[in-house]
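Here is how names work: the chains are called A, B, and so on, in the same order as the sequence lines, proteins then strands, and each is numbered from 1. As the structure is a computational prediction, the values presented were derived from the model and not from experiment.
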Number of protein chains: 4
Amino acid sequence: MIKAGIVGATGYAGQQLFYILNNHKDVEVQFISAHSSVGVCISELYGNYSNIIQQKCIGMDKAIESLDNIDVIFLALPHGTAFELVEKAYKKGVKVIDLGADYRIDDHKVYENWYNVKHENPELIKEAVYGLCEINREKIKGSSIVANPGCYTTAGILAMYPLIKHGIVDEKKVVIDAASGTSGAGRSANVNNLFCEVNENYKAYGVTNHRHTPEIEQELTKAGGSEVLISFTPHLVPMNRGILATCYGFLKKDVTHDMIKEIYEKEYGDESFIRLLEKFPETRWVRGTNFCDISFKIDERTGRIVVVSAIDNLVKGAAGQAVQNMNILFGLNETEGIDNLAMAP
Amino acid sequence: MIKAGIVGATGYAGQQLFYILNNHKDVEVQFISAHSSVGVCISELYGNYSNIIQQKCIGMDKAIESLDNIDVIFLALPHGTAFELVEKAYKKGVKVIDLGADYRIDDHKVYENWYNVKHENPELIKEAVYGLCEINREKIKGSSIVANPGCYTTAGILAMYPLIKHGIVDEKKVVIDAASGTSGAGRSANVNNLFCEVNENYKAYGVTNHRHTPEIEQELTKAGGSEVLISFTPHLVPMNRGILATCYGFLKKDVTHDMIKEIYEKEYGDESFIRLLEKFPETRWVRGTNFCDISFKIDERTGRIVVVSAIDNLVKGAAGQAVQNMNILFGLNETEGIDNLAMAP
Amino acid sequence: MIKAGIVGATGYAGQQLFYILNNHKDVEVQFISAHSSVGVCISELYGNYSNIIQQKCIGMDKAIESLDNIDVIFLALPHGTAFELVEKAYKKGVKVIDLGADYRIDDHKVYENWYNVKHENPELIKEAVYGLCEINREKIKGSSIVANPGCYTTAGILAMYPLIKHGIVDEKKVVIDAASGTSGAGRSANVNNLFCEVNENYKAYGVTNHRHTPEIEQELTKAGGSEVLISFTPHLVPMNRGILATCYGFLKKDVTHDMIKEIYEKEYGDESFIRLLEKFPETRWVRGTNFCDISFKIDERTGRIVVVSAIDNLVKGAAGQAVQNMNILFGLNETEGIDNLAMAP
Amino acid sequence: MIKAGIVGATGYAGQQLFYILNNHKDVEVQFISAHSSVGVCISELYGNYSNIIQQKCIGMDKAIESLDNIDVIFLALPHGTAFELVEKAYKKGVKVIDLGADYRIDDHKVYENWYNVKHENPELIKEAVYGLCEINREKIKGSSIVANPGCYTTAGILAMYPLIKHGIVDEKKVVIDAASGTSGAGRSANVNNLFCEVNENYKAYGVTNHRHTPEIEQELTKAGGSEVLISFTPHLVPMNRGILATCYGFLKKDVTHDMIKEIYEKEYGDESFIRLLEKFPETRWVRGTNFCDISFKIDERTGRIVVVSAIDNLVKGAAGQAVQNMNILFGLNETEGIDNLAMAP
């Protein structure tokens, strides 16, 4: 049994992780930590666990003390708050899977610039692997720290990666327009996220400056070998879960539908969690799952290609991918614990 | 392996059943039937199955032909359309689990009166057991036909059963006010169920004459031994799933919270799918699950008691309970295939 | 022109009042007050006013200073916070329309008991008139303080008033089961009201002890002349606006549909804002309006009657009724400024 | 009084028109026509009119007969169904305001190509003016037929018009990513638009081939004088109303925020229905109104500009703009009957 700890277990991503790990046959959750709910039973906060699971939250100090008892620690914390913990875990040889942003950006100055916070142990960044499983699987296997990708990032990169890697589209002109369910905004009390403020509304936010931008550019640049520039605009949808990314590329050469299909098949044909579809994806069909559904269409009229991808922001965009990373790290079947389909409606 | 067939597999309840049975380790779905989608792949209708499950729908005639190959047939059809099929299955010794209303009412004249249709084989009604597992478990075990309860019915009866059985409330004055998510209205094209007609709205329907009324009265009357009269009002909520029943009883005697709690514990304390709570239930905590959450409060000021129950209308209110009945019929662990918790949010 | 001030102008009810008064041809809003947004432009908080209305919020102290410049003051504050202001306004002869609960309950001890707060000027309660316009119109005309009814209260009382007044139903056995859109919970940051907590959920709250209970009982008791006892259960619906009250009465005598219809016609036939319907009401048809839609059905089988009423909680349940009260107080046409219909969908 | 007729009055756009015209002080609606509801009272279909408005629907034949009694006819019909009616009205000198697509495209072959239907009176196209009021106001004044723009079109063109007209962005590389509430899909019974299919979902549709594409390109091309090529992707949002268009342009020259602001001010500074904002628009702030809210941001890093616009698809995107066109045609104040603000929440 893999012994795991979860820090930040009561936010939407953290509890999704707790949910998945409770159903994972090879994992035992040793502790859940949440600084604002120390001593509170998880079922007090999430009634789905009522009468079934009575685990209580511990504080950060206790979590640190407990590092000796675990094999892997999952962090679901705001950026800039986990430097110390990561370092301690790293030194003790506990595998770290960080759902936050602190170890995703290779250049700590870029990180500091976009996130407006000082990186406290930049030397650990090079120990970290960017945990987009489909692309970095081999590197993940032996790593100590996995920087689990952001939600928008996962959808955006997986959609465009084959086109950039194979030089199909102009890497200086990518547009990624995406929309997310509201769980992406977290569970903190905030007037902007009240039901009446979100319901019956649709809006863009973070226009030109959302923090997932450098992460997408970094990984696509690595894929294509030449600097990628994207416009990325997230939007807020009145629904709980799901991300859809609608991505636009300007074709650099004449291509056919079959040629592109072959490229996607080559890159993703063996992947358990990527479904290449003929129909365009919808968020409901991946809700609660670790799938990334992808489809594309060439627009000969304008010389462009449109790729649409859909994920569940809390699963493939956060907790599910974290477990997929854990499965890779510990040599388990990659789909263990995350092989469910979406329930409709 | 239990070999199963599903008739009416593409409606919301039918596909929920298909979903559950696909995850049930002891069941093999031999066929799915849907008269309006013969030859169509289930993943064309429900994109959650894309690239994973390719089963195609067959027609009713083929379903009837295939009776020889199955152990159990699940019917998720409109009332009044399955008489022939039930008879044929019964004669062949295939267990029938009917999610429709045709075999729920003991007196076929009451059925005909409320449903406005002639019952074609009333003699089979006495072969049928009302499949509310927690109450009729022993009878279900040896039965040939299980009349799976209605969704509102399950929530209403489970809430009031202990109080009626133990003579706590006036059986002539019960009020059951309930609300359901929109999947309860089915998947047929109908202007009333369009998104823009349901969203941002709340309404009552079937006031004083909803067809689940006689079913609730019949079962509660059996429980208490004297005729029960209820007012039952269903409401439509702009959400996909879930039923909440708020039930009012007029106390016949002085009781305390502890006395009532003891009664509920006695009736349901060993049940896997009933969770007796201190907090009042919410539909989200049972979404996608087979649980019925129940809580109550005595109102000394008015001499009444309020009991609130919550279920998922498609699971405990339909497909999940059908599988629970199958588990009982075939001597399996009662929670097999339906022991998941709700995913939040 | 009537000069008006609004205190608590940035909550959902307060801003609805501001919206209506801005469209009222006989009113000039002299100031809007909001202690948490002093100096902030209303259009910063509510983007519907962008580039059109630039009024800035003032603080309570300034509001008090400004009493000399106004004819009427509207209070949309939490209970227990307006005693001083009401007293000052009263002494200066400024008409007070209080959307809060402080002056609704005749007996200040009952108020203190249900609201858990000490009433600071109980002597003013007898100066206040309960502002349910359809019932207390004449008393409102000359009053100094109007205690504007609660939202659930308005729906519940208007539905049952004719039946109680005319002795049709057992006044000791009334059940009022109601549901509200989420704007009823106010605009304060609170995890329970986040989009992801409310969406796809339905729940009861305040079971047996919601504070609107004594208000409903008090007014129905006055109507019928003998003590009324109700069970009142509110529920939360994932929609922005609207209240539906489903009310149950036990008939004391044999009545026909026509007899009851006549009673409702007699009480409400001349009312501008009550629509007696044959179909059952739905909240969408009164959204954004000052209407209360009412329908009923006799259940001969059980000897009961079910009455359903629908209002917009922010309009007829709060701000619209406040303006209706103002129109009455100042001798204007009662529908002035609040005669719009709902926009669909 | 202007005498008006509405054909197609019971769809979402048609009834929005009916709603607005009923509040327009200079208009009298002579008839409403709806082939599927002949003889039915509008309040049977839309309960907001209950007890207030009793107008009954007539059929198309009666509508044609009634042309002599009206000054203007509004058509809210599916494309390809109004050719005959337009011709008859035109010949009788009745002003035509067509909310459909038949007269929007200058070249009838382009129309036939995108809409897959033969145009029956292409000679009338040149009599028609494209009714985007802010851009074609002068031409609209004297016209006989106004081709009211599509909903997405209005949002897209208004957002990009100033940039294209002033040669700021590369006209061959425009991307318009937009999302709409579900009322845009109309009120016909269709499984895809059922509540449970739309709720908790977000999807793209019409990728690369939505019919609003040629309309946007045509008008932007006229504005800039050189062929504009756009990628346009619409998405479906689980809400009733609203369109948000997020538009991307590749800058052709170095520009500053102030330079662009000046251009938008120049084009729209005097417009009653365009609000240039510093914050990014949200659909809720224009809900139920005729406003188009616009904001932009230059992305120096990538050499691009992002413009976001928001409208209500049924008002500025359909019925409101139709009334604005009528106001222009008949020399009324342009804001008459459509000057309301959005109600929040």
Side-chain angles (χ1 to χ4, degrees), chain A residues 172-181 194-209 213 217 229-231 233 235-244 246 248 250 279-285 287 295-308 310 344-345, chain D residues 172-181 194-209 213 217 229-231 233 235-244 246 248 250 279-285 287 295-308 310 344-345:
Chain A
K172 292 279 182 296
K173 296 201 164 50
V174 174
V175 172
I176 299 180
D177 196 285
S180 173
L194 290 177
F195 182 83
C196 291
E197 307 292 311
V198 171
N199 186 41
E200 293 298 286
N201 191 35
Y202 183 78
K203 66 173 177 182
Y205 62 100
V207 181
T208 78
N209 57 22
T213 308
E217 289 185 343
L229 282 181
I230 66 162
S231 295
T233 313
H235 297 78
L236 189 66
V237 184
M239 62 181 184
N240 285 356
R241 287 165 176 258
I243 281 180
L244 194 92
T246 303
Y248 302 84
F250 290 82
K279 284 188 187 177
F280 278 94
E282 308 187 20
T283 61
R284 60 178 165 156
W285 303 130
R287 189 171 53 221
S295 189
F296 69 88
K297 193 152 186 193
I298 294 171
D299 188 5
E300 281 98 4
R301 207 179 60 81
T302 60
R304 310 183 195 171
I305 186 168
V306 184
V307 189
V308 180
Chain D
K172 291 279 182 298
K173 296 201 165 46
V174 174
V175 172
I176 298 179
D177 197 286
S180 173
L194 290 177
F195 181 83
C196 291
E197 306 292 312
V198 172
N199 186 40
E200 292 299 285
N201 191 35
Y202 183 77
K203 67 173 177 183
Y205 62 99
V207 181
T208 78
N209 57 22
T213 308
E217 289 186 344
L229 281 181
I230 66 162
S231 294
T233 313
H235 298 78
L236 189 66
V237 183
M239 62 180 185
N240 285 355
R241 288 165 176 258
I243 280 180
L244 194 92
T246 303
Y248 302 84
F250 291 81
K279 283 188 187 177
F280 277 94
E282 309 187 19
T283 61
R284 60 177 165 158
W285 304 131
R287 190 170 55 220
S295 189
F296 69 89
K297 192 152 184 193
I298 294 171
D299 188 6
E300 281 100 3
R301 206 179 59 83
T302 60
R304 308 183 195 171
I305 185 168
V306 184
V307 189
V308 180

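- Only the backbone of D:Lys172 comes within contact range of chain A, judged by heavy atoms closer than 4.5 Å.
- With rounding to the nearest 0.5 angstrom, the CD atom of A:Glu282 is 12.0 Å from the OH atom of D:Tyr205.
- If you tally non-hydrogen atom pairs under 4.5 Å between each of D:Val175, D:Val308, D:Ile243, D:Leu236 and chain A, the highest count goes to D:Val175.
- Only the side chain of A:Val306 has a heavy atom closer than 4.5 Å to any heavy atom of chain D.
- Contacts of D:Thr302 classified as side-chain hydrogen bond (donor to acceptor under 3.5 Å, both in side chains), with partners at least two apart in sequence or in another chain: D:Asp299.
- Using a 4.5 Å cut-off between heavy atoms, A:Tyr202 touches chain D through backbone and side chain atoms alike.
- Residues D:Tyr248 and A:Thr233 are in side-chain contact: their nearest non-hydrogen atoms beyond the backbone lie under 4.5 Å apart.
- Interface residue A:Pro281: only backbone heavy atoms are found under 4.5 Å from chain D.
- A:Glu300 does not touch chain D: none of its heavy atoms, backbone or side chain, sits under 4.5 Å away.
- Contact of A:Val198 with chain D is not made at all, since no heavy-atom distance falls under 4.5 Å.
- Scored by the side-chain hydrogen bond (donor to acceptor under 3.5 Å, both in side chains) test, A:Glu200 finds B:Asn199 as partners (sequence neighbours excluded).
- Taking the side chain as every heavy atom from C-beta outward, D:Leu229 and A:Arg304 approach each other to under 4.5 Å.
- Note that the NZ atom of A:Lys203 and the NZ atom of D:Lys279 stand 9.5 Å from one another [nearest 0.5 Å].
- With a 4.5 Å cut-off on non-hydrogen atoms, D:Val207 touches chain A through its backbone and its side chain both.
- Closest of all the heavy-atom pairs between D:Pro345 and A:Cys196 is CB-O, 3.7 Å.
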List the steps and the verdict of side chain to side chain contact (heavy atoms under 4.5 Å, CB included) for D:His235 and A:Thr246.
CA-CA 10 Å; D:His235 298 78; A:Thr246 303; 2.7 Å; yes
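- A 4.5 Å side-chain heavy-atom check between D:Asn209 and A:Arg301 finds every atom pair outside the cut-off.
- In terms of heavy-atom pairs under 4.5 angstrom with chain D, the leader among A:Ala204, A:Gly181, A:Pro238 is A:Pro238.
- Contact annotation for A:Thr213: only side-chain heavy atoms (C-beta onward) come within less than 4.5 Å of a heavy atom of chain D.
- Residues D:Glu197 and A:Arg284 have side chains in contact (heavy-atom distance under 4.5 Å, counting atoms from C-beta outward).
- Within the 4.5 Å cutoff, no side-chain heavy atoms of D:Arg287 are placed close to those of A:Asn201.
- Counting only distance, with no hydrogens or angles, the side chain of D:Asp177 and the backbone of A:Asp177 share no donor-acceptor pair below 3.5 Å.
- Contact check for D:Lys173 versus A:Phe250: side-chain heavy atoms found under the 4.5 Å cut-off.
- Among the candidates A:Ala344, A:Ala310, A:Ser231, the residue making the largest number of heavy-atom pairs closer than 4.5 Å to chain D is A:Ser231.
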